[in-house]
Amino acid sequence: MYNKVLVTGGTGFVGRRLKKIKPEWTYMSSSDCDLTNKERLQEYLSDLKPDAVVHLAARVGGIKEASENQSEFYYLNTLINMNVVHECYKVGVKRLLSCLSTCCFPDVFDRYPMIEDDLMKGEPAITNYCYGYSKRNLFLQSKWYAKEKNVCYNAFTPSNIYGPENTFDLDKSHFISSMIRKIVEADDGSEVVFWGTGNALRQHLYVDDLAQIMPTLLEKHVSEMPLIVAPDENLSIKQIIDKFLKISQKDVKVVFSGVLEGQHRKDASNKNLKDLMGGFNFTNLDDGLKTTYDWYCQNKEKDE
Ligand code: NAP
């Protein structure tokens with residue numbers, strides 16, 4: 001349906017996995033074009049003339065980075081998103097599919113799983129407050145450009161993403177990558193310390209499931225709904241660690257520090273996604289963890 005598709009954030013974790021499925025699309029990095037620079041972006045888009053854009057680029061980080069650099073996360077993400085939506089419109093791009101995050105959802109809600117309509121009902125968790133608001137702004141901007149300017153601009157909302165090629169750098173990584181690295185590097189019998197209490201619940205989305213879903217969303221997701229992309233399983237951090245200990249066959253003592261607990265739960269419904277896709281079988285966490293663990297063992301020297 002679209003001849004020339006541009007992917008922003010094409011060199012990031014999600015972009016690299018999407019490229020394996022759609023190698024014919026154009027994958028942009030920050031060195032190709034700094035999205036905070038609107039003149040450069042306009043020039044880049046005018047030269048490339050894409051007929052559709054998948055917008056993945058963002059300043060992304062784990063709970064520590066996002067909670068300690070809120071002003072930077074707000075400024076960069078807001079600037080990037082404002083520029084991408086407006087410059088796409090100015091150069092005549094008719095289709096823009098942008099990536100939000102379940103971090104946008106309210107910190108506490110009265111009914112779970114949350115649905116797309118709940119995205120803006122209440123403030124995001126303090127640990128990702130500014131990241132959450134910058135993504136909400138992206139949703140609003142897309143929605144109103146679509147309403148007023150005869151374009152199909154909308155978004156999807158993935159839950160926590162994990163899988164091969166994620167960063168395993170402990171200063172930047174998200175929970176599953178840091179869990180794998182910490183446990184693999186620990187000696188049997190030693191203590192491994194994790195943040196929080198282990199009780200927080202998370203839906204962990206396998207990156208290749210998302211990569212498989214995005215091309216269909218580009219074609220078929222035409223409503224303003226910030227379509228949730230999240231698997232069925234919603235497990236506590238403790239349950240996920242237990243699964244990984246079985247897979248890795250490591251015998252370590254798990255300790256929780258209590259700090260940086262994050263949002264207690266943000267489970268979100270995938271019903272609308274499954275309706276749109278005509279069903280979808282998400283990779284179960286056991287299989288996804290095993291594949292990610294194998295990838296890490298084969299590539300860990302390169303990542304350090
Ligand atoms: P990532 O690995 O950190 O990659 C970020 C990408 O954005 C890179 O390609 C980076 O380019 C690009 N970028 C950053 N600043 C830029 C700028 N100023 N100009 C141009 N490009 C810039 O992120 P990811 O994990 O793939 O995340 C992809 C999307 O998924 C993001 O929108 C994120 O918010 C969303 N998301 C992620 C998760 C998760 O768990 N990872 C969960 C929910 C939603 P360079 O590398 O060239 O600098």
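Basis for what follows: all heavy atoms, side chains included, without hydrogens, waters or symmetry-related copies. Indexing begins at 1, ligand by ligand and atom by atom, following the structure's order.
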(message) Among Lys19, Arg17, Lys20, Arg16, which residue satisfies the salt bridge (Lys or Arg N to Asp or Glu O under 4.0 Å) criterion with Asp208?
(response) Arg17

Nearest protein heavy atom to [atom], by residue and atom, and its distance?
atom                    : answer
atom 46 (O) of ligand 1 : Thr11 OG1, 3.3 Å
atom 19 (N) of ligand 1 : Leu35 N, 2.9 Å
atom 18 (N) of ligand 1 : Asp34 OD1, 3.0 Å
atom 22 (C) of ligand 1 : Ser30 CB, 3.8 Å
atom 44 (C) of ligand 1 : Leu100 O, 3.3 Å
atom 29 (C) of ligand 1 : Leu56 O, 3.2 Å
atom 13 (N) of ligand 1 : Ala57 CB, 3.9 Å
atom 40 (O) of ligand 1 : Ile161 N, 3.0 Å

Quick check on [X] - does any of its heavy atoms sit under 4.0 Å from an atom of ligand 1?
X      : value
Tyr131 : yes
Leu205 : no
Arg16  : no
Ser159 : yes
Gly61  : no
Arg59  : no

My understanding is that we take every heavy atom of each candidate and find the minimum distance to [atom]. Doing that for [options], which one comes out nearest?
atom                    : options                     : answer
atom 5 (C) of ligand 1  : Cys103, Gly9, Ala58         : Ala58
atom 27 (O) of ligand 1 : Leu18, Leu210, Asn37, Val60 : Val60
atom 35 (C) of ligand 1 : Ser31, Cys99, Gly15, Ser101 : Cys99
atom 16 (C) of ligand 1 : Ile80, Val229, Asn160       : Ile80

Under a 3.5 Å cutoff, is there a donor and acceptor pairing between the side chains of [X] and [Y]?
X      : Y      : value
Asp187 : Ser190 : no
Asn166 : Ser177 : yes
Arg40  : Asn83  : no
Asp34  : Asn37  : no

Charged N to carboxylate O under 4.0 angstrom, [X] versus [Y]?
X      : Y      : answer
Arg59  : Glu65  : yes
Lys121 : Asp118 : yes
Lys300 : Glu185 : no
Asp286 : Lys243 : yes
Lys290 : Asp294 : yes

(request) Give yes or no for whether the N/O distance cutoff of 3.5 Å, strictly under, is met between Met28 and ligand 1. (result) no

(message) Within the supplied structure, the quantity of interest is the number of heavy atoms (other residues, nucleotides, ligands) at a distance under 6.0 Å from Asp188 CG; does it exceed 12?
(response) yes

(message) Tell me if the CG atom of Asp275 is crowded by more than 12 foreign heavy atoms within 6.0 Å.
(response) yes

Contacting atoms of ligand 1, where contact means under 4.0 angstrom from a heavy atom of [X]:
X      : value
Lys135 : 31 (C), 32 (O), 33 (C), 34 (O)
Cys33  : 19 (N), 20 (C)
Ser29  : 47 (O)
Pro158 : 43 (C), 44 (C)
Val14  : 26 (O), 28 (C)

(request) For residues Phe280 and Phe282, establish whether the separation of their ring centroids is below 6.0 Å. (result) yes

(message) Could you go through Asp169 and Thr167, starting from their C-alpha distance and side-chain angles, then the distance that decides it, and tell me whether this counts as side chain to side chain donor-acceptor pair (under 3.5 Å)?
(response) CA-CA 6 Å; Asp169 174 340; Thr167 178; 5.0 Å; no

